[in-house]
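Input: a single structure, listed below in structure tokens.
Order of the sequence lines fixes the chain letters, A, B, ..., with proteins taken first and strands second; residue numbering starts at 1 for each chain.
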Protein chains: 2
Amino acid sequence: MSTRRETVRQALTGSTGFRSAQDLYADLRAEGSKIGLTTVYRALQALSETGEVDVLRTNEGEAVYRACDTEQHHHHLVCRVCSTAVEIEGPAVEAWATEVGTRYGFTGVTHTVEVFGTCASCASR
Amino acid sequence: MSTRRETVRQALTGSTGFRSAQDLYADLRAEGSKIGLTTVYRALQALSETGEVDVLRTNEGEAVYRACDTEQHHHHLVCRVCSTAVEIEGPAVEAWATEVGTRYGFTGVTHTVEVFGTCASCASR
DNA sequence: GGGAAAATGAAAACGATTGTCAAAACGCGT
DNA sequence: ACGCGTTTTGACAATCGTTTTCATTTTCCC
Ligand SMILES: [Zn+2]
Ligand SMILES: [Zn+2]
Ligand SMILES: [Zn+2]
Ligand SMILES: [Zn+2]
């Protein structure tokens with residue numbers, strides 16, 4: 001529980017959307033922190049390994065992170081414009097994924113599901 | 001319809017799994033082709049733009065491609081070990097995704113869904 | 001065949017991420 | 001407050017996938 005990791009966690013918690021390591025670094029530096037980029041990467045890696053933050057990849061291959069309200073399994077509805085995200089659930093999807101996996105003889109079935117769109121506030125601009 | 005693009009398309013079609021640009025480049029060179037890495041990237045980009053091949057990102061951020069049997073909207077069940085993939089459908093998921101999107105006021109709703117697991121042949125080893 | 005336009009590939013540039021390593025901060029027994 | 005071994009930090013270099021640049025080669029059409 002280093003103070004730096006806590007700093008990064010809070011920077012993430014302060015945002016409702018997914019943020020990249022470089023975004024967070026820029027934010028922290030802007031508000032006066034002397035944190036290094038390497039440390040931001042390390043903190044995000046640690047936080048995602050413990051499941052405290054969620055990670056996903058943009059179409060460009062960049063990793064973006066989010067400190068969600070729950071650590072339970074869930075998915076996201078993400079705004080393509082501002083990257084704001086809403087946590088969503090889909091019991092039917094969970095069941096379908098494991099069912100289709102086992103149907104084809106796959107074991108250890110997991111899945112990734114993300115829903116994208118333009119949020120109401122971004123649409124009205 | 002350059003001959004190089006066709007070469008790349010066939011290299012992809014010859015595989016049942018998702019392959020990276022570098023994989024395909026290595027394969028093609030191994031079988032004697034004098035193709036350049038840049039051209040492989042360009043071909044894959046063109047093929048994915050027209051929807052002829054599907055793309056997804058590995059957890060490490062690498063783009064991997066697959067020439068699927070259909071160009072219709074579908075998803076994949078991918079082996080984590082050998083990357084072999086099966087094309088799957090889930091009408092319920094399609095409906096759920098658009099429903100949850102509009103429920104939160106999002107427009108232009110799309111989604112990404114991938115199912116992962118260990119295929120039977122990889123499990124028996 | 002000749003020349004404009006498209007395709008090609010080697011090498012350089014790029015951007016995100018990771019590795020290196022010495023300096024700084026910390027924990028703890030004294 | 002003081003050493004001192006351990007952990008954390010951050011500047012910088014290195015890596016890796018991908019894109020850009022640009023000169024050369026191929027294709028296409030007359
Ligand atoms: Zn938005
Ligand atoms: Zn799920
Ligand atoms: Zn397999
Ligand atoms: Zn779908």
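- For B:Glu62 and B:Arg57, the salt-bridge test fails: no basic side-chain N is under 4.0 Å from an acidic carboxylate O.
- Here A:Thr110 pairs with B:Arg80 under the side-chain hydrogen bond (donor to acceptor under 3.5 Å, both in side chains) rule; sequence neighbours left out.
- There is a side-chain donor-acceptor pair under 3.5 Å between B:Tyr41 and B:Gln22.
- Contact of the B:Phe106 side chain with the A:Cys79 side chain is registered, since non-hydrogen atoms from C-beta on lie closer than 4.5 Å.
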With the criterion being N/O to N/O and under 3.5 Å, what pairs connect the protein with nucleotides 18-26 of chain C, and how long is each?
{"residue": "C:dG19", "atom": "O6", "partner": "A:Thr38", "partner atom": "OG1", "Å": "3.3"}

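- Partners of A:Glu94 under the side-chain hydrogen bond (donor to acceptor under 3.5 Å, both in side chains) rule, at least two apart in sequence or in another chain, are A:His73, A:His75, A:His111.
- Here the C1' atom of nucleotide D:dC16 and the CD atom of A:Glu60 are 18 Å apart, to the nearest Å.
- Looking at residues two or more places apart in sequence or on another chain, you find a side-chain hydrogen bond (donor to acceptor under 3.5 Å, both in side chains) between B:Arg66 and B:Glu87.
- Remark: C1' of C:dT17 and CG of B:Asn59 are 15 Å apart, rounded to the nearest angstrom.
- In the set C:dT17, C:dT8, D:dG10, the nucleotide with an atom closest to the side chain of B:Thr39 is C:dT8.
- The side chain of A:Glu62 lies closest to C:dA16 when the candidates are D:dG17, C:dA16, C:dG9.
- Here NE2 of A:His74 is found 9.0 Å from CD1 of A:Ile88. Values are rounded to the nearest 0.5 Å.
- Under the 3.5 Å distance criterion, with hydrogens and angles disregarded, a donor-acceptor pair is assigned to the side chains of A:His76 and A:Glu114.
- Atom OH in B:Tyr25 sits about 13 Å away from atom C1' in C:dT8, given to the nearest Å.
- Looking at residues 14-22 of chain A, you'll see A:Gln22 sit with a heavy atom under 4.0 Å from some atom of DNA chain C.
- Spacing between atom CZ of B:Arg4 and atom C1' of D:dT24 amounts to 14 Å, rounded to whole angstrom units.
- From one end of the helix from C:dG1-D:dC30 to C:dT30-D:dA1 to the other, with five pairs defining each end axis, the axis direction shifts by 20° (rounded to 10°).
- Rounded to whole angstrom, the span from the CG atom of B:Leu56 across to the P atom of D:dG17 amounts to 16 Å.
- Between A:Leu12 and A:Tyr65 the shortest side-chain heavy-atom distance falls below 4.5 Å.
- Atom CG in A:Asp23 sits about 15 Å away from atom P in C:dG15, given to the nearest Å.
- The heavy-atom pair separating A:Val78 from A:Ser83 by the smallest distance is CG1-O, 3.9 Å.
- A:Thr7 places none of its side-chain heavy atoms less than 4.5 Å from the side chain of A:Thr39.
- Between the CG atom of B:Leu44 and the P atom of C:dG9 there is a distance of 14 Å, rounded to whole Å.
- What separates CD1 of B:Ile35 from P of C:dA10 is a distance of 10 Å, to the nearest Å.
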